[in-house]
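Only one structure is covered here, and it is reproduced in the block below.
The analysis underlying the following values was restricted to heavy atoms, covering all of them including side chains, and did not include hydrogens, waters or symmetry mates. In what follows, every chain begins at residue 1, and chains take the letters A, B, ... in the order their sequences are listed.
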Amino acid sequence: MLSHSFYIQPDVVSLARDLLGKRLCTRIDGKQASGIITETEAYAGTTDKASHAYGGRRTRRTEIMYGEGGTAYVYLCYGMHSLFNVVTNIVGVPHAVLIRGIQPCAGIEIMMQRRKKVKKGKEFSNGPGKIAEALGIHFSHSGLSLTQTTSRISAPAIWIEEAENKTIPNEIVITSRIGVDYAGQDAKLPYRFLLK
DNA sequence: CGGCCGATCCACT
DNA sequence: GTGGATCGGCCGA
């Protein structure tokens, strides 16, 4: 499991890149599931027009981002999708990384069950709403620690760990972020990272 | 309190 | 490529 020190790194953009190839795991409703992170986006806090925390905006929803790095920021989008983000940096700096894609690893059966509307053969983990649904992550999980054990179980409900396979830098594709046209010039920033 | 909108997904053409 | 689903959050009055 990645340690607290990983999440409090000051550069959210390089941290987003470094999350590629790591394994995102959940143990929710007694079911374990995991996948290798294949797509991320960095959201750079108060100076980033695409961020919910742009301009220092603080609300009950965004308050989670102002907390210590290493917690989950999950919010409802379009009235029906939960989007999972990793909060980074120190208290008071509202940086976050949106997880947009995984390659299913363990618990594929339960993930397909959770995404049962999708016909067989269709992709079911290549978008931020899809991966949260497949992994059982809900916006009510916002604020959960990714590093601290809760109650008697041996791991958090959601955590990230190193994977065996090595990420090769030249297999990483960098583009602008998706769905943030409202952010003006900031929509063009090279803050999206994908594994080929 | 009313109204608008969104870090999306899916079905259909 | 287009449009509908669907509702919490945010803002202005």
Side-chain angles (χ1 to χ4, degrees), chain A residues 7 11-20 24 26 33 35 37-67 69-89 93-104 111-144 146 158 160 172-195:
Chain A
Y7 295 106
D11 185 348
V12 67
V13 177
S14 66
L15 195 152
R17 186 186 61 224
D18 290 347
L19 280 172
L20 292 178
L24 173 59
T26 62
I37 296 170
T38 57
E39 184 178 347
T40 63
E41 283 179 1
Y43 285 85
T46 59
T47 60
D48 180 356
K49 282 185 181 158
S51 170
H52 293 162
Y54 175 64
R57 202 154 49 101
R58 288 182 98 117
T59 65
R60 188 150 82 244
R61 178 177 70 153
T62 65
E63 193 61 30
I64 301 296
M65 280 198 286
Y66 289 85
T71 62
Y73 171 54
V74 192
Y75 71 93
L76 185 67
C77 191
Y78 291 100
M80 59 189 93
H81 304 294
S82 290
L83 270 56
F84 172 73
N85 299 252
V86 176
V87 175
T88 74
N89 218 306
V93 184
H95 287 180
V97 177
L98 173 67
I99 307 299
R100 291 190 60 93
I102 61 169
Q103 177 178 290
M111 287 195 272
M112 291 189 70
Q113 226 172 305
R114 285 165 172 154
R115 300 256 314 123
K116 59 178 181 293
K117 332 175 222 193
V118 177
K119 290 169 191 156
K120 257 189 181 172
K122 291 271 182 190
E123 290 287 344
F124 68 95
S125 59
N126 63 340
K130 300 179 191 181
I131 74 123
E133 185 178 26
L135 290 170
I137 299 172
H138 184 259
F139 65 89
S140 62
H141 295 124
S142 199
L144 284 187
L146 305 177
I158 307 170
I160 300 173
I172 295 175
V173 177
I174 305 175
T175 76
S176 56
R177 294 171 292 185
I178 304 295
V180 296
D181 294 344
Y182 59 85
Q185 285 298 90
D186 288 352
K188 297 176 179 167
L189 293 169
Y191 282 4
R192 174 170 176 246
F193 301 92
L194 312 87
L195 283 183

Query raised in the report: With a non-hydrogen cut-off below 4.0 angstrom, is Leu83(A) in contact with a base, only sugar-phosphate, or nothing?
Result: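 Result for Leu83(A) = sugar-phosphate.
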Report task. Inspect the surroundings of CD in Glu63(A) and state if more than 12 heavy atoms from other residues, nucleotides or ligands are less than 6.0 Å away. Result ->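 Yes - once you tally the heavy atoms of other residues, nucleotides and ligands closer than 6.0 Å, there are more than 12.
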Query raised in the report: Quick one: on DNA chain B, does Val180(A) or Lys130(A) contact a more 5' nucleotide (nearest heavy atom)?
Result: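 It is Val180(A) whose nearest nucleotide is closer to the 5' end.
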Nearest-Å distance for atom pair [atom1]/[atom2], residues [X] and [N]:
X	N	atom1	atom2	result
Glu41(A)	dA7(B)	CD	P	11 Å
Lys116(A)	dC9(B)	NZ	P	18 Å
Asn126(A)	dC9(B)	CG	C1'	10 Å
Lys49(A)	dA7(B)	NZ	P	15 Å
Asp181(A)	dG6(B)	CG	P	10 Å
Asp48(A)	dA7(B)	CG	P	12 Å
Tyr73(A)	dA7(B)	OH	P	9 Å
Tyr54(A)	dA7(B)	OH	P	15 Å

Report task. Mark yes or no: Arg61(A) above the aromatic ring of Tyr75(A), with NZ or CZ under 6.0 Å from the six-membered ring centre and no more than 45 degrees from the axis. Result ->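 Positive - Arg61(A) is close enough to the ring of Tyr75(A) and near enough to its axis.
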**Report entry** Charged tip of Arg177(A) within 45° of Tyr43(A) ring normal and under 6.0 Å
**Finding:**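 Yes; both conditions hold, so Arg177(A) lies above the ring face of Tyr43(A).
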**Report entry** Base partner of dC4(B), which must satisfy Watson-Crick or wobble distances under 3.5 Å
**Finding:**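 Paired with dG9(C).
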Requested in this report: Go ahead and name the base partner of dA11(B); Watson-Crick or wobble counts if both distances stay under 3.5 Å, otherwise write none.
Outcome: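 dA11(B) is paired with dT2(C).
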Query raised in the report: Just checking, any donor-acceptor pair under 3.5 angstrom between side chains of Gln113(A) and Lys116(A)?
Result: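 The criterion, which ignores hydrogens and geometry beyond distance, is not satisfied for Lys116(A) and Gln113(A).
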Report task. For Tyr43(A) and dA7(B), say yes or no: do the ring centres fall under 5.5 Å of each other while the ring planes differ by less than 30°? Result ->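 Answer is yes, a stack.
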Query raised in the report: Nucleotide by nucleotide, 5' to 3', does protein get under 4.0 Å of the base (B), only the sugar-phosphate (S), or neither (-) in nucleotides 6-13 of chain C, counting heavy atoms?
Result: BBSSSS--
Query raised in the report: Between the main-chain N or O of Ala44(A) and the side-chain N or O of Ser51(A), is there a donor-acceptor pair closer than 3.5 Å?
Result: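 No, the answer is negative, given that no donor and acceptor are paired below the 3.5 Å cut-off.
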Report task. Can you see which heavy atom on Ser82(A) is nearest to which on Ala132(A), and at what distance? Result ->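 Result for this residue pair: O-CB, 3.1 Å.
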Query raised in the report: Atom CD1 of Ile137(A) and atom CZ of Arg114(A): how far apart are they, to the nearest 0.5 Å?
Result: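 It comes to 9.0 Å.
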